[in-house]
Amino acid sequence: MPIDRNHIIAEIKRIAQADGGKAPGRQKFERETNITMKEWYGVHWARWGDALLEAGYEPNTKQAKLSTDEVLTHFASAVRHFKRIPSDGDLRIFGRNTKGFPGHTTFNNHFGSKRGTVEAFRIWLEAHSDYSDLMEFMPEKTAEYAKAPQPIEGFVYLLKSGTHFKIGRSDNLE
């Protein structure tokens, strides 16, 4: 039996009121009410934004991608707070306690890896003298640290046998 549409709307309003009038995202709503997407999606609404509109709220907008400068400015605030290069766990904690701080995966997603983030931050610091005090927290740039990972060489192949295909990878073409 589907959950009553009015109950869902009342829950949206309750959560929004507790959050200063900000409409909840779908995941937050599910976490706080245990009402899953399958209980409303395709039953009462085709989109979460439709449920928010019916409850009297504007649908949440997707967050725009941050520029490299913005990402590194946020990273600098975490470095300044921890007085070291923060770990992923540090970034999670700092993000939960700092309004407007991006999600912990933003840094690796933006720069490809922790190493990429640190190297981009090093270059950024050289161009931003107002953050020069953070240079003391940068790790030594050793040959091992600066060494880029080597690509793995090999071959990708496609074999056909009757109606079957096999895709694979090998270091030896033969």
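Position 1 is the first residue of the sequence, and the numbers go up from there.
Side-chain contact of Lys166 with Tyr157: a donor-acceptor pair under 3.5 Å is present, judged by distance alone. At a cut-off of 3.5 Å, with distance as the only test, a side-chain donor of Ser87 or Asp90 sits close to an acceptor on the other residue.
Between the NZ atom of Lys83 and the CG atom of Asp133 there is a distance of 9.0 Å, given to the nearest 0.5 Å. Residue Leu134 holds its CG atom at 12.5 Å from CZ of Arg122, rounded to the nearest 0.5 Å.
Using a 30° and 60° split on the angle between ring planes, Phe121 and Phe75 fall in the perpendicular class, above 60°. Ring geometry for His74 against Phe101 counts as perpendicular: the plane angle is over 60°, on a 0 to 90° scale with 30° as the lower cut.
Residues Ile93 and Ile85 are members of separate hydrophobic clusters, defined by side-chain heavy-atom contacts under 4.5 angstrom among Ile, Leu, Val, Met, Phe, Trp and Tyr. Linking Ile, Leu, Val, Met, Phe, Trp and Tyr residues whenever their side-chain heavy atoms come within less than 4.5 Å places Val118 and Phe111 in a single cluster. Ile35 and Met37 fall within a single hydrophobic cluster, where Ile, Leu, Val, Met, Phe, Trp and Tyr side chains are chained together by heavy-atom contacts under 4.5 Å.
Thr98 places no side-chain N or O within 3.5 Å of a backbone atom of Gly95 that could act as its donor or acceptor partner. A side-chain donor-acceptor contact under 3.5 Å links Asn108 to the backbone of Lys114. At least one donor-acceptor pair closer than 3.5 Å links the side chain of His128 to the backbone N or O of Trp124. In this structure, the side chain of Arg26 does not engage the main chain of Thr36 through any donor-acceptor pair within 3.5 Å. A donor-acceptor contact shorter than 3.5 Å links the side chain of Asp4 to the backbone of Asn6. With hydrogens and angles disregarded, no donor-acceptor distance shorter than 3.5 Å links the side chain of Ser170 to the backbone of Phe155.
With Glu70 as reference, Leu66 is the one residue of Leu72, Thr68, Thr73, Leu66 to meet the side-chain contact (heavy atoms from CB on, under 4.5 Å) rule.
Nearest heavy-atom pair across Glu39 and Ile3 is OE2-CD1, 3.1 Å. Between Ile15 and Pro24 the shortest heavy-atom distance is CG2-CB, 3.6 Å.
No more than 12 heavy atoms of other residues, nucleotides or ligands sit less than 6.0 Å from atom CZ of Arg92. For Leu159, the CG atom counts as densely surrounded, since its 6.0 Å shell holds more than 12 non-hydrogen atoms of other residues, nucleotides or ligands.
In this structure, Phe29 has its ring center no closer than 6.0 Å to that of Tyr41.
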